[in-house]
Amino acid sequence: MDCDRCGSEAVMHAAYSGAHLCAEHFTRSVEKRVRRRVREDSLVSREATPEAPETWVIGLSGGKDSVVLTEILAETFGEDPRIELVALSIHEGIEGYRDESLAASEELTEELGIEHEVVGYEEEFGVRMDDVVEDDPENMAPCAYCGVFRRDLLEEYAEKLGADKLLTGHNLDDEAQTALMNFLEGDVKQVAKHFDASIGGFDDREESDSFVPRAKPLRDIPEKEVALYAHLEDLPAHITECPHASEAYRGEIQELLLKLEENHPGTRHSIMSGYEELAELAADAYGGDEDGDLGECEECGSTTSADVCRKCRLLASMEAV
């Protein structure tokens with residue numbers, strides 16, 4: 001097949017749009033969609049100036065999504081005096097896995113000239129994910145522990161780094177899966193929280209004084225297109241699944257969406273289009289309620305709706321093993 005734009009050999013066919021694109025026009029298309037998302041979500045605050053720039057902390061795991069996000073943001077805002085980019089990586093303590101992805105992160109940030117901070121579970125919590133998986137005091141999937149620890153460190157260090165926004169590399173597949181899971185679980189308040197926390201435009205969200213606001217500039221890009229972009233741009237991404245990954249429910253949703261997308265191209269985009277509209281309505285009804293119920297964890301001082309936060313309860317269960 002030939003590229004629709006220039007007649008060169010196409011490297012991809014997007015069934016949801018019918019487009020055939022060569023390498024150059026494909027990469028341009030990805031970058032254009034990410035930058036459009038940045039504009040539509042009003043990521044660049046009107047108050048950001050060269051004299052008072054915003055700090056954007058990027059959650060950089062070294063995988064394809066976060067590496068592509070960091071590359072495009074650096075190309076877009078690297079010379080913009082209104083924006084300061086900082087990459088933040090988390091070392092979970094997984095033998096033979098995270099060290100390679102951190103090496104990829106270090107190579108990328110050095111090449112782009114971006115500040116890069118690394119924090120680890122072992123140094124911060126005194127645990128390694130390999131040990132958590134072996135002991136499993138709560139009889140949970142590894143991702144359930146890791147998600148709590150990772151979110152805590154991202155939030156804590158984003159604040160320490162003076163972040164105005166925390167950006168993560170969630171792609172279209174990730175967000176469509178989350179949307180469908182929230183629908184199937186009937187959790188309307190979680191839908192509202194999702195809008196205000198990370199997918200609503202910054203002009204439309206309910207502001208929170210408790211958490212650094214998040215954004216997901218890759219959420220219009222399908223996962224396979226993110227991987228192809230990383231390959232074509234020869235980015236140092238570590239494309240290997242975590243050896244402890246086991247989110248059974250999300251895996252079922254992922255398989256369902258892939259089948260639907262295969263039979264009905266555009267399903268993921270349609271889900272997100274409708275979901276974001278409904279999420280805004282849910283946020284209007286439920287948004288802003290959460291901050292009033294939040295306080296400080298008695299153990300670590302982090303923001304929580306309970307006396308002791310989930311992270312500290314999990315760490316206490318580890319110590320009791």
Side-chain angles (χ1 to χ4, degrees), residues 1 4 10-21 25-41 43 59 61 63-69 71-72 143 147 167-188 190-201 204 214-232 237 239 241 245 247-283:
M1 289 290 185
D4 297 335
V11 298
M12 66 84 66
H13 169 233
Y16 58 85
S17 67
H20 296 83
L21 298 175
H25 285 106
F26 167 72
T27 54
R28 286 185 187 176
S29 170
V30 171
E31 293 160 1
K32 180 179 179 180
R33 281 175 280 165
V34 173
R35 290 164 183 157
R36 182 177 61 203
R37 174 53 58 195
V38 168
R39 291 194 303 273
E40 290 182 352
D41 284 354
L43 250 67
S61 69
K64 65 182 186 312
D65 301 300
S66 62
V67 163
V68 168
L69 175 63
E71 170 77 13
I72 294 176
C143 297
L167 279 57
T168 59
H170 293 81
N171 58 52
L172 174 63
D173 295 63
D174 297 327
E175 293 303 288
Q177 291 163 22
T178 297
L180 193 53
M181 289 167 68
N182 286 341
F183 276 138
L184 294 178
E185 291 169 358
D187 196 340
V188 180
Q190 182 61 32
V191 173
K193 181 179 177 182
H194 194 189
F195 182 87
D196 283 334
S198 62
I199 66 170
D204 302 317
R214 299 193 179 202
K216 299 170 179 176
L218 286 187
R219 75 174 191 273
D220 297 318
I221 315 298
E223 182 176 14
K224 287 186 178 180
E225 293 185 25
V226 176
L228 180 58
Y229 183 96
H231 171 70
L232 292 173
I239 307 178
E241 186 176 39
E247 290 186 278
Y249 185 42
R250 182 176 286 271
E252 291 181 40
I253 298 298
Q254 180 184 37
E255 291 181 12
L256 173 62
L257 277 175
L258 288 174
K259 188 65 175 178
L260 286 169
E261 186 69 30
E262 180 181 349
N263 294 334
H264 310 282
T267 295
R268 293 164 300 183
H269 292 87
S270 297
I271 287 173
M272 287 310 299
S273 177
Y275 179 79
E276 290 183 25
E277 188 172 345
L278 290 171
E280 184 171 8
L281 295 174

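This structure is a prediction, so every number in the text was calculated from the model and none was measured. As a basis for the values below, the full set of heavy atoms in this structure was taken, side chains included, without hydrogen atoms, waters or symmetry mates.
R36 meets the salt bridge (charged side-chain N to carboxylate O under 4.0 Å, His left out) test with no other residue; sequence neighbours excluded.
Once rounded to the nearest 0.5 Å, the distance linking OG1 of T27 with NE2 of H231 reads 12.5 Å. Here CG of N263 is found 11.0 Å from CG of L258. Values are rounded to the nearest 0.5 Å. The line from CG of N182 to OH of Y275 is 4.0 Å long, rounded to the nearest 0.5 Å. In this structure, CD on E280 lies 9.5 Å from CD1 on I199, to the nearest 0.5 angstrom. Taken from CG in L281 to CZ in F195, the straight-line distance is 9.0 Å, to the nearest 0.5 Å. Atoms CG and CE, from L21 and M1 in turn, are 12.5 Å apart once rounded to the nearest 0.5 Å.
Contact detail for H20 and G18: the closest heavy-atom pair is ND1-O, 3.5 Å. Shortest non-hydrogen contact noted between L260 and T267 is O-OG1, 3.6 Å. Considering all non-hydrogen atoms of both residues, K64 and V226 come closest at O-CG1, 3.8 Å. Minimum heavy-atom separation, V191 to A282: CG1-CB, 4.2 Å.
Considering only heavy atoms from C-beta on, F183 stays 4.5 Å or farther from T178 through its side chain. Residues L69 and T168 form no side-chain contact, since every pair of their non-hydrogen atoms from C-beta on lies 4.5 Å or further apart. Within the 4.5 Å cutoff, the side chain of L43 has heavy atoms near those of the L167 side chain.
With no hydrogens or angles considered, a side-chain donor-acceptor pair links K216 and S198 at under 3.5 Å. If you check the side chains of E31 and Y229, you find a donor sitting under 3.5 Å from an acceptor. If you check the side chains of N171 and D65, you find a donor sitting under 3.5 Å from an acceptor.
L257 pairs with exactly one of I271, D173, L172 by the side-chain contact (heavy atoms from CB on, under 4.5 Å) rule, that one being I271.
Looking at D220 and R37, a side-chain N of the basic residue comes within less than 4.0 Å of a carboxylate O on the acidic one, giving a salt bridge. The pair E225-R33 counts as a salt bridge, with a side-chain nitrogen and a carboxylate oxygen less than 4.0 angstrom apart.
More than 12 heavy atoms of other residues, nucleotides or ligands lie within 6.0 Å of CD in E185, so this atom counts as buried by the packing criterion.
Formation of a donor-acceptor pair under 3.5 Å by the S66 side chain with backbone atoms of G169 is not found in this model. No donor-acceptor pair closer than 3.5 Å links the side chain of Q177 to the backbone N or O of I253. The main-chain N or O of M272 is never found under 3.5 Å from a side-chain atom of E175 such that the two would form a donor-acceptor pair. A donor-acceptor pair under 3.5 Å links the side-chain atoms of S270 to the main chain of G266, judged by distance alone.
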Q254 vs E223, side chain to side chain contact (heavy atoms under 4.5 Å, CB included): CA-CA, chis, key distance, verdict = CA-CA 11 Å; Q254 180 184 37; E223 182 176 14; 4.3 Å; yes
Can you check salt bridge (Lys or Arg N to Asp or Glu O under 4.0 Å) on D41 and R219, steps first, answer last?
-> CA-CA 11 Å; D41 284 354; R219 75 174 191 273; 2.8 Å; yes
